[in-house]
Undergrad: 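Can you read through this structure? Questions will come right after.
Residue numbers start from 1 in every chain, and the chains themselves are labelled A, B, ... in the order their sequence lines are given, proteins ahead of strands.
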Protein chains: 2
Amino acid sequence: MADVRVLLVDDHPVVRAGLRAMLTEFEGISIAAEAADGKAALKELSRLSVLGEGVDVVLMDLQMGAGMDGVAATAAIRKLAAPPPVLILTTYDTDSDILSAVEAGASGYMLKDAPPEQIRQAVFAAAAGETVLAPRAAALLMNRITNPGTSLTPREVQLLELLATGLSNRAIAKQVFISEATVKTHLVHIYGKLGVDNRTAAIAAATRRRIIRPPGQAG
Amino acid sequence: MADVRVLLVDDHPVVRAGLRAMLTEFEGISIAAEAADGKAALKELSRLSVLGEGVDVVLMDLQMGAGMDGVAATAAIRKLAAPPPVLILTTYDTDSDILSAVEAGASGYMLKDAPPEQIRQAVFAAAAGETVLAPRAAALLMNRITNPGTSLTPREVQLLELLATGLSNRAIAKQVFISEATVKTHLVHIYGKLGVDNRTAAIAAATRRRIIRPPGQAG
DNA sequence: CCCAAGGTCAACCTTTTGATTGACCCTCCG
DNA sequence: CGGAGGGTCAATCAAAAGGTTGACCTTGGG
């Protein structure tokens, strides 16, 4: 049987080199190409496709400094004609990382600090069309199904974003044309759902779970 | 001339593999040993020293999940009899990271997403006793000298970091063993220097200016 | 059709923050 | 030696945020 052909997508040259070295040592895996961000990954896929050289698995990092990030790239790849499975290989295992990856159509979620043998198995599993999840990812998805009521509404996320810019309750109220009382009501709900009791903790929690972008970030 | 002997310190197997692969491809560089955290790095240094095998450069990550972190390890290495230069190679370039690394005695600060050629040059420069800084690190230190009045003190940055985790004034006070009154004093100074008038705005401003890392980011 | 859920608002009270002033102690440096 | 800057603390007042209760309106799905 031919090698499993992998496309590496990671913005860190160092990490790409590490994965390349690690994977090529395994029997049955070869690196088809590498890309530093989502746009480059799509370009590589189409380039390889016209050459008739398929890609069996895309190994994708989620956090990428510049260019299209991992979630957007995964979604874009899933819209291709014959999309290869996308296996997320990233550093963090926060709720929102996992959820947005799964929602974008990833067929697996692994952590970079997993033992090489586990990464090898995950690549083969993904290539075979199976779903492979890190323990925390699996647990999170189970939990989502058993008790779904804890997610923030769009309105709450909107206020959270304004909160993170440093606005006072009054300023937020003016911004979205509601009363300060309503802002407080929303905030109380938000604190409850996030399990915190003040605005800075809410920002920290929401940022960690990637519900919102870090304060002062473009977007 | 003999190879530059490098000690890799990073908690990530993938990253270590990447650096090993990348550096050994270069003429004149060889890997003396690897370590997954600060304690292991010190052990490796003493082990190599009794074998009479010197280390010319320590390549050190700052963020390491468990064990002694990069700053503490750097400080510990600088206290050795004949300390090798420590070149920081990390993911983040916030003021706080850069300053604490430099204060700990690092002789260089590079980012992991730097091109391989730059990393190679940095290793040789550090081995030759030179100081090598990423652009943002250099700019920060220059700025320190040209206008010192407007910059935050280390203490203020420390409180800012705790602030960003969502702690109350009282909780911050307990954390650093000072009174709540002193925390307030510091915060007033911080607000003045950042040009804001509340804690959430301070977090947003400090994050935007990269004085601190985004809330909830691994450190 | 009705109810659940989301969004809106008010009144009230407690706690936390923010602002000001003034003070004491260090250390570094001219 | 003497000041400047940094760190520490207290007291006080004003402002903002946090928590609770209850209410009204709209909309979508059982």
Side-chain angles (χ1 to χ4, degrees), chain A residues 144-145 147-207 211-212 215, chain B residues 95-96 99-100 102-103 141 143-206 211-212 215:
Chain A
R144 273 292 136 150
I145 294 171
N147 59 344
T150 55
S151 59
L152 296 176
T153 69
R155 187 60 152 178
E156 286 164 354
V157 172
Q158 181 193 9
L159 291 213
L160 208 34
E161 282 166 347
L162 293 173
L163 195 67
T165 67
L167 296 180
S168 68
N169 290 346
R170 185 169 305 171
I172 294 173
K174 281 186 182 172
Q175 189 98 7
V176 296
F177 305 107
I178 61 180
S179 79
E180 200 178 332
T182 305
V183 173
K184 285 187 176 187
T185 304
H186 283 306
L187 291 190
V188 169
H189 292 160
I190 291 171
Y191 299 161
K193 289 181 180 178
L194 292 180
V196 300
D197 61 355
N198 67 67
R199 49 181 54 215
T200 50
I203 294 172
T207 307
I211 295 167
I212 59 173
Chain B
D95 291 14
S96 155
L99 283 181
S100 45
V102 170
E103 277 167 15
L141 297 187
N143 192 39
R144 277 286 138 150
I145 293 171
T146 53
N147 58 343
T150 54
S151 56
L152 297 174
T153 68
R155 188 60 151 177
E156 285 164 355
V157 172
Q158 181 193 10
L159 290 212
L160 208 34
E161 283 168 343
L162 293 174
L163 194 66
T165 68
L167 296 180
S168 68
N169 291 346
R170 186 167 306 170
I172 294 174
K174 280 186 183 171
Q175 188 98 8
V176 297
F177 305 108
I178 60 180
S179 78
E180 200 177 332
T182 305
V183 173
K184 286 187 174 186
T185 303
H186 284 306
L187 290 190
V188 168
H189 292 160
I190 291 170
Y191 298 161
K193 289 181 180 178
L194 292 180
V196 300
D197 60 356
N198 67 66
R199 52 181 54 217
T200 50
I203 294 172
I211 294 168
I212 59 173

Undergrad: If you define the side chain from C-beta out and look only at heavy atoms, does anything of I178(B) sit under 4.5 Å from R155(B)?
TA: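 Result yes, sub-4.5 Å side-chain heavy-atom pair found.
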Undergrad: Under 4.0 Å from OP1 or OP2 of dG5(D): is there any side-chain N or O of T153(B) that close?
TA: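 No, because none of the side-chain N or O atoms of T153(B) sits under 4.0 Å from OP1 or OP2 of dG5(D).
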Undergrad: Report the distance from atom NE2 of H189(A) to atom P of dG22(D), rounded to the nearest whole Å.
TA: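 It is 14 Å, rounded to the nearest whole Å.
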Undergrad: In this structure, how many angstroms lie between the P atom of dT17(C) and the CG atom of L162(B), rounded?
TA: 13 Å
Undergrad: Does the side chain of L162(B) come within less than 4.5 Å of V183(B)'s, by heavy atoms?
TA: no
Undergrad: What is the distance from atom OG1 of T153(B) to atom CD1 of I190(B), rounded to the nearest 0.5 Å?
TA: 7.5 Å
Undergrad: dT8(D), OP1 or OP2 - any side-chain N/O from H186(B) closer than 4.0 Å?
TA: yes
Undergrad: Return the value, rounded to whole Å, for the distance between atom CD1 of I172(B) and atom C1' of dT17(C).
TA: 11 Å
Undergrad: Using side-chain contact (heavy atoms from CB on, under 4.5 Å), reason through K184(B) and V188(B) one step at a time and then give a plain yes or no.
TA: CA-CA 6 Å; K184(B) 286 187 174 186; V188(B) 168; 5.5 Å; no
Undergrad: In the structure I gave you, are the side-chain heavy atoms of D197(B) and Y191(B) within less than 4.5 Å of one another anywhere?
TA: no
Undergrad: Please report the C-alpha distance between T182(B) and T185(B) in whole Å, then the side-chain angles of each, then the deciding distance to 0.1 Å, and finally whether the side chain to side chain donor-acceptor pair (under 3.5 Å) criterion is met.
TA: CA-CA 5 Å; T182(B) 305; T185(B) 303; 5.6 Å; no
Undergrad: Expressed as a whole number of angstroms, how long is the span from I190(B):CD1 to dG7(D):C1'?
TA: 13 Å
Undergrad: Mind checking whether L163(A) and I212(A) have side chains closer than 4.5 Å, heavy atoms only?
TA: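 No, their side chains stay 4.5 Å or more apart.
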Undergrad: What is the distance, rounded to the nearest whole Å, between atom CZ of F177(B) and atom C1' of dG7(D)?
TA: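 The answer, rounded to whole Å, is 17 Å.
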Undergrad: If you look at every strand shown and take non-hydrogen atoms under 4.0 Å, does T182(B) touch a base, only sugar-phosphate, or nothing?
TA: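 Base: the residue T182(B), judged by heavy atoms under 4.0 Å, touches a nucleobase.
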Undergrad: At under 4.0 Å between heavy atoms, how does the protein contact nucleotides 16-21 of chain D? Give one character per nucleotide, 5' to 3', with B, S or -.
TA: SBBSB-
Undergrad: To the nearest 0.5 angstrom, please state how far the NE2 atom of H189(A) sits from the CG atom of L159(A).
TA: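 So the gap between those two atoms works out to 11.5 Å.
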Undergrad: Would you mind reporting whether D95(B) and L152(B) have side-chain heavy atoms less than 4.5 Å apart?
TA: no
Undergrad: Report the distance from atom CD of Q158(A) to atom C1' of dG6(C), rounded to the nearest whole Å.
TA: 14 Å
Undergrad: For DNA chain D, please output the secondary structure as dot-bracket, reading 5' to 3'. Pairs are Watson-Crick or G-U wobble, both atom distances under 3.5 Å; mark crossing pairs with [ ], other-strand partners with |, unpaired with a dot.
TA: ||||||||||||||||||||||||||||||
